[in-house]
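Owing to the predicted nature of the structure, the values given are computational and were not obtained by experimental measurement.
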Amino acid sequence: MAQQFAGQPARGLIKFGKALLWLLLGLVLALVICEIQGWTFLREPAQSFLSKQLERDIKLDKPFRLHLWAGVQLDLGHLYISAPEKFNVPHLVDAGNISVKLRYSDLWHYKKHGELRIREIKVDDIDAQLVRHADGSATWEFPTDESKPATPFPVIETLIVKSGSSHIDDAISSTALEAKFKTEEGASQEDLRSEVSVDGQFQRRPLKAFLETPGFLPIATQDQDSPPIKSKGWLEYGKLRVDFDGQVADLFGRQDIEGSAVVTGPSLSVLGELVGSVFPTTDPFRLSASLSKHSDVWEVNVDSAKIGRSSLAAVFKYDPRSKTTGIPVLSGRIDGSRFYLADLAPAFGTLQADGSKPQPVEGRAIPNRPLDLPSLNRMDADITIKLDYMELGSVFALPISPFKAQLSLDKGKFMVGDILAQTADGTLTGSFSVDAQESKETDKEKYPPRWQIKLGWKDIDLGKWLQVSKARQEEAKKQGKPVPPAYITGTLNGRTDLSGKGSTTAELLGSLNGKTTLFVEQGEISRLVMELLGLDIAQSVSAWLGGDHSQRLQCAVMDLKASNGVVRPEVALIDTPVTLVLIDGNIDLGQEKLDLLLAAKPKNFSPLTVRSPIRVQGSFVEPKVRPEAVPIAARLLGSVALAFVNPLAAILPYLDTGSKSNAYNCSQALNAYSSQKPAKAPADDKTLPPQQAPVPAVPGH
């Protein structure tokens, strides 16, 4: 009996073991059947779960196959992810025939470190609608837990898309693009070839681009040791063209880039728009450069830059986010074998930002195109400039060689400082700056950009510096005579200290305040120029026909004062043994009006000398030159000379380089005529004699 009761637990255990075994076998069989069938019953629960978690309408359409043997593989006939209701687009993602493969080791790594690696994604066709409104809301935004750290973008080892498209509409960056992409599969993984083409608008300019790589996302791995992938492509933005040939790595991580690029376009400002930097408006250009980008920092070596007629080279480092200010910083140097000063003109309004010519304002000569000065607040810069050769124009025989300066941009304050330039045995020093700093409290209308120009000239040899015109050279050759000297020679000294405000060149010049002073000593001046200034018709014609001989320049001083854009001479005189010329009046830069009086006192007698002052009036576009009424000539000469005496005495100690004779000559010339008794004025100045008939045209006027 005892043995019978003892055998019952054993039989019970055997029955339980058999039941458990059958249960396990059934479970294994069920798993095998589910694995063979692809777990199709999970499609609807997964669809509901994802829709609830993402708060979007998610559709996982048949065929649905999930395989868990030796890793996770999901094959899906169709995937649909809706866009938020306020966006007028059909979907966020619509894809067909999708295959996704993951390793269990990658899932374990994701659980521990939060970084997901996907072995492979294959898609037959996919369309994405990426739309962002001005308020920052976007179709790709999903609910997130702000208490958790941001999840990095998954690492995708291989992405194959047979046919893909994407519509990109971003109100913040003014972007509207259509992208198409595809992958061509070869016999092996190494034979993959992927293409991306883009067409549309970026920042309201037309944009087209094409990129070719051996597979889309071997370049997307975030491994530090992942090899770069060879890439080649081009981009057209407006009239700008960029051709790139190089290597790209870690597209969704560090975004490393190595390669070379050739860029051509109508203006550097267009390139600045594209890359989000501050570049000046220029003539058409062509750049050849090598590029290197690691993490966020760009290094650019411009081997050759043709801008207008200028030939430059440069090395730049661009950090898009400074550690101290949080805004981009550009540093480096600019070198040049040949630079033409005229190529700077577009930066001051002679061309539009895209390189096109602005619509001229009728009756105006000074550019009035608004300069993009607020953009100076988008970047800081520290650049060394060293130019071997700066061409000043056809008037000048010698260039500036070399030209050195330091360009800085700090919180909207732009400066070209520490200028040191050499030409014609002399030097040019000083600085040029514009303060366009902005703040939330700044009233742009009340506080426009402020400009400052400080320059000094020292010991410049005008005889070497100024160019004899081609016409005079050709005339001398025809007559078998040596090339004549420049119209004026001597040593030039002087300084400029001007300030102004405004967002255009016209506004700047119309608001100028300050002084410019020029002094020429130990020089000579063309006899023709002096005779014309004295309106000595007989001797001017003689100079034209019989040769132009220089005369000793006893004194030449101009001290100009600018007040709210109106320039007046404090002192303006040229004195030779033959003629003394005084210049009075004003130049209104704001209104572009001239009102100048050239009063000349010839020291020799000529029966054809017209002793009336010359009046220059009218606009910059249409100036008018005529003799002034004769009866007031002597009185004008004396009063102008008297007005110049005290200012001349004040500036001579600063300007004179040590020649007492020149200082004496300048003062002596004025004292001689300011002490003369002016001619008796008419009884009533208001009833001057009628204007006499015009004198014959004089060469040079």
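Taking 4.0 Å as the cut-off between side-chain N and carboxylate O, Lys515 and Asp559 count as a salt-bridged pair.
For the residue pair Thr491/Asp459, the side-chain donor-acceptor check at 3.5 Å is not satisfied. A donor-acceptor pair shorter than 3.5 Å cannot be found between the side chains of Trp451 and Ser433. Donor-acceptor pairing under 3.5 Å is lacking for the side chains of Ser288 and Ser304. Remark: the Gln452 side chain and the Asp497 side chain contain an N/O donor-acceptor pair separated by less than 3.5 Å. No hydrogens or angles considered: nothing links the side chains of Asn301 and Ser290 as a donor-acceptor pair under 3.5 Å.
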* Asked: Between Asp319 and Lys317, does a salt bridge (Lys or Arg N to Asp or Glu O under 4.0 Å) hold up when you go through it step by step?
  -> CA-CA 7 Å; Asp319 188 342; Lys317 181 179 180 181; over 6 Å; no
* **Test log, rule salt bridge (Lys or Arg N to Asp or Glu O under 4.0 Å), inputs Asp283 and Arg309** => CA-CA 9 Å; Asp283 284 327; Arg309 294 179 297 167; over 6 Å; no
* Could you check Leu373 against Phe414 for side-chain contact (heavy atoms from CB on, under 4.5 Å), going step by step and ending with a plain yes or no? => CA-CA 9 Å; Leu373 298 177; Phe414 173 85; over 6 Å; no
* To do: Any chance you could lay out the salt bridge (Lys or Arg N to Asp or Glu O under 4.0 Å) test for Lys404 and Asp418, step after step, and finish with the verdict?
  => CA-CA 8 Å; Lys404 299 178 182 179; Asp418 299 331; over 6 Å; no
* Tell me, with the steps shown, if Met390 and Leu341 meet side-chain contact (heavy atoms from CB on, under 4.5 Å). => CA-CA 7 Å; Met390 179 185 285; Leu341 189 62; 4.2 Å; yes
* Asked: Where do Lys464 and Asp425 land on the salt bridge (Lys or Arg N to Asp or Glu O under 4.0 Å) test, with the steps shown first?
  -> CA-CA 9 Å; Lys464 296 179 180 179; Asp425 300 335; 2.5 Å; yes
* **Asn586 vs Val567, side-chain contact (heavy atoms from CB on, under 4.5 Å): CA-CA, chis, key distance, verdict** => CA-CA 5 Å; Asn586 68 76; Val567 181; over 6 Å; no
* Asked: Step by step, would you call Lys561 with Arg568 a side-chain contact (heavy atoms from CB on, under 4.5 Å)?
  -> CA-CA 5 Å; Lys561 181 179 181 181; Arg568 292 184 174 87; 5.5 Å; no
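By the side chain to side chain contact (heavy atoms under 4.5 Å, CB included) test, Phe620 pairs with Ala365, Ile366, Ile587, Leu589, Glu592, Leu594, sequence neighbours left out. Partners of Asp388 by salt bridge (Lys or Arg N to Asp or Glu O under 4.0 Å), not counting sequence neighbours: none found.
In this structure, Tyr318 and Met379 approach most closely via the heavy-atom pair CE1-SD, 4.0 Å. In terms of heavy-atom proximity, Pro266 sits nearest to Phe285 at N-CE2, 4.3 Å. Residues Ser311 and Lys306 approach most closely at OG-NZ, 2.9 Å, considering heavy atoms. In plain terms, the two heavy atoms of Pro399 and Thr423 that are nearest each other are O-OG1, 2.8 Å. Val416 approaches Ala405 most closely through the heavy-atom pair CG1-CB, 3.7 Å. Taking all atoms of both residues into account, the shortest heavy-atom contact from Lys411 to Asp380 is N-OD1, 3.0 Å.
Checking side-chain atoms of Thr489 against main-chain N and O of Glu524 turns up a donor-acceptor pair under 3.5 Å. No donor-acceptor distance shorter than 3.5 angstrom exists from the side chain of Ser563 to the backbone of Val566, with no hydrogens or angles considered. A donor-acceptor contact shorter than 3.5 Å is absent between the side chain of Asp343 and the backbone of Thr282.
The shortest distance between side-chain heavy atoms of Leu492 and Phe519 does not fall below 4.5 Å. Using a 4.5 Å cut-off on side-chain heavy atoms (C-beta onward), Thr517 and Leu560 make no contact. You'll find the side chain of Leu376 reaches within 4.5 Å of the side chain of Leu409, heavy atoms only. Taking 4.5 Å as the limit, some side-chain heavy atom of Leu271 sits within range of a side-chain heavy atom of Leu240. Counting only heavy atoms from C-beta outward, the side chains of Val270 and Phe279 never approach each other to under 4.5 Å. At least one side-chain heavy atom of Leu466 sits under 4.5 Å from a side-chain heavy atom of Phe396. Looking at Ile307 and Leu268, their side chains come closer than 4.5 Å, going by heavy atoms from C-beta outward. Side-chain contact between Lys413 and Arg450 is absent, with no heavy atoms from C-beta onward closer than 4.5 Å.
In this structure, OG1 on Thr516 lies 12.0 Å from CD on Glu570, to the nearest 0.5 angstrom. Atom CG of residue Asp595 and atom CD of residue Gln617 lie 4.5 Å apart, to the nearest 0.5 angstrom. Residue Ile488 holds its CD1 atom at 6.0 Å from CD1 of Ile574, rounded to the nearest 0.5 Å.
Heavy atoms of other residues, nucleotides or ligands lying less than 6.0 angstrom from CZ of Arg378 number more than 12.
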Side-chain donor/acceptor pairs under 3.5 Å, residues 507-514, sequence neighbours excluded:
| residue | atom | partner | partner atom | Å |
| --- | --- | --- | --- | --- |
| Glu507 | OE1 | Ser503 | N | 2.7 |
| Ser511 | OG | Lys501 | N | 2.8 |
| Ser511 | OG | Lys501 | O | 2.9 |
| Ser511 | OG | Glu507 | O | 3.0 |
| Ser511 | OG | Leu508 | O | 3.0 |
| Asn513 | OD1 | Asn564 | N | 2.9 |
| Asn513 | ND2 | Ser511 | O | 3.0 |

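Checked against a 6.0 Å centroid threshold, the rings of Phe316 and Trp298 do not count as neighbours.
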